[in-house]
Amino acid sequence: QVQLVESGGGSVQAGGSLRLSCAASRYTYSGNNMGWFRQVPGKEREGVAAIGTAGGSTYYADSVKGRFTISQDKAKNTVYLQMNSLRPEDTAMYYCAANTYATLSPLRAGSYNRWGQGTQVTVSS
């Protein structure tokens, strides 16, 4: 069963912008956190940004602070990742994730138990 569907990936020049969207089922979205993660071949999945779906608290990796913004539209069961000032090192497969239980580590991949299939982001220099 598809519970999380990402969209909005693509190829851009360095300095450009993209907005990723993650549409969730109502049940999946009712969990504690939604997060964005990214992964390149040969490396572990990296937490990029997360948001508490109830209170709206946000969390960011140091590498994206000031450039990326996570937000949500509760009525649409959707979270977004606005990515500005993109760099070649941002190139990765980006995954949306949800957890259905409380976590003390919202940027750790192991804290999530629901995952989308991913959307590719490629930034050229």
Is it true that, when you exclude Gln120 itself, more than 12 heavy atoms of the residues, nucleotides or ligands shown sit nearer than 6.0 Å to its CD?
yes
Gap between atom OG of Ser111 and atom CG of Leu104 - 0.5 Å precision:
8.0 Å
What pair of heavy atoms forms the shortest contact from Pro106 to Ala50, and how long is it?
O-CB, 3.5 Å
Taking the side chain as C-beta and beyond, is there a heavy-atom pair between Met34 and Cys22 under 4.5 Å?
yes
Separation between CZ of Arg19 and OG of Ser7, rounded to the nearest 0.5 Å
9.0 Å
One should read off an interatomic distance between Ser71 OG and Ile51 CD1, to the nearest 0.5 angstrom, of 6.5 Å
Sorted by chain and residue number, the ring-ring contact (aromatic ring centres under 6.0 Å, His included) partners of Tyr112 (sequence neighbours excluded) come out as Phe37
Distance-only, no hydrogens or angles: does the Lys74 side chain make a donor-acceptor pair with backbone N or O of Thr53 under 3.5 Å?
yes
Listed by chain and number, what are the salt bridge (Lys or Arg N to Asp or Glu O under 4.0 Å) partners of Arg45, not counting sequence neighbours?
none
Is Ile70 reachable from Tyr80 through a run of I, L, V, M, F, W or Y residues, each pair having side-chain heavy atoms under 4.5 Å apart?
no
Sub-3.5 Å donor-acceptor pair from the side chain of Thr103 to the main-chain atoms of Ser105, do we have one?
yes
Going by atom types only, do Arg38 and Tyr94 share a side-chain donor-acceptor pair under 3.5 Å?
yes
Is the backbone of Asn33 close enough, under 3.5 Å, to the side chain of Asn99 for a donor and an acceptor to pair up by distance?
yes
Can you see which heavy atom on Gly56 is nearest to which on Gln72, and at what distance?
CA-NE2, 4.0 Å
If only side-chain N and O atoms count, and only distance matters, is there a donor-acceptor pair under 3.5 Å linking Thr78 with Asp73?
no
I'd like to check Glu89 versus Ser63 (side-chain heavy atoms, cut-off strictly below 4.5 Å). Are they in contact?
no
If hydrophobic clusters are built by linking Ile, Leu, Val, Met, Phe, Trp and Tyr wherever their side-chain heavy atoms come under 4.5 Å apart, do Tyr60 and Trp36 end up in the same one?
yes
Separation between CG (Asn77) and CD (Gln3), nearest 0.5 Å, reads 12.0 Å
If I compare all heavy atoms of Ser17 with all of Ser85, which pair ends up nearest, and what's the gap?
OG-N, 4.3 Å
Are Met93 and Val5 joined in one hydrophobic group, where the rule is that I, L, V, M, F, W and Y side chains link up if heavy atoms are under 4.5 Å apart?
no
Residue pair Ser125 / Ala14: nearest heavy atoms and the distance that separates them:
CA-CB, 4.3 Å
Give the ring-plane orientation class for Trp115 versus Tyr95, where under 30° counts as parallel, over 60° as perpendicular and anything between as tilted.
perpendicular
Using a 4.5 Å cut-off on heavy atoms from C-beta on, say whether the side chain of Phe68 contacts that of Leu86.
yes
Passing option when Val12 is tested against Val123, Thr91, Asp90, Val121 for side chain to side chain contact (heavy atoms under 4.5 Å, CB included)
Val123
Side chain Gln82, main chain Thr69, donor-acceptor under 3.5 Å
no
Identify whether the distance between the nearest side-chain nitrogen and carboxylate oxygen of Lys65 and Asp62 falls below 4.0 Å.
yes
Thr119 backbone acceptor or donor facing Glu6 side chain under 3.5 Å
no
Might you point out which heavy atoms bring Ala49 and Leu81 nearest each other, and give the distance in Å?
CB-CD1, 4.0 Å
If only atom types and distance count, is the side chain of Thr122 paired as donor or acceptor with the main-chain N or O of Ser11 below 3.5 Å?
no
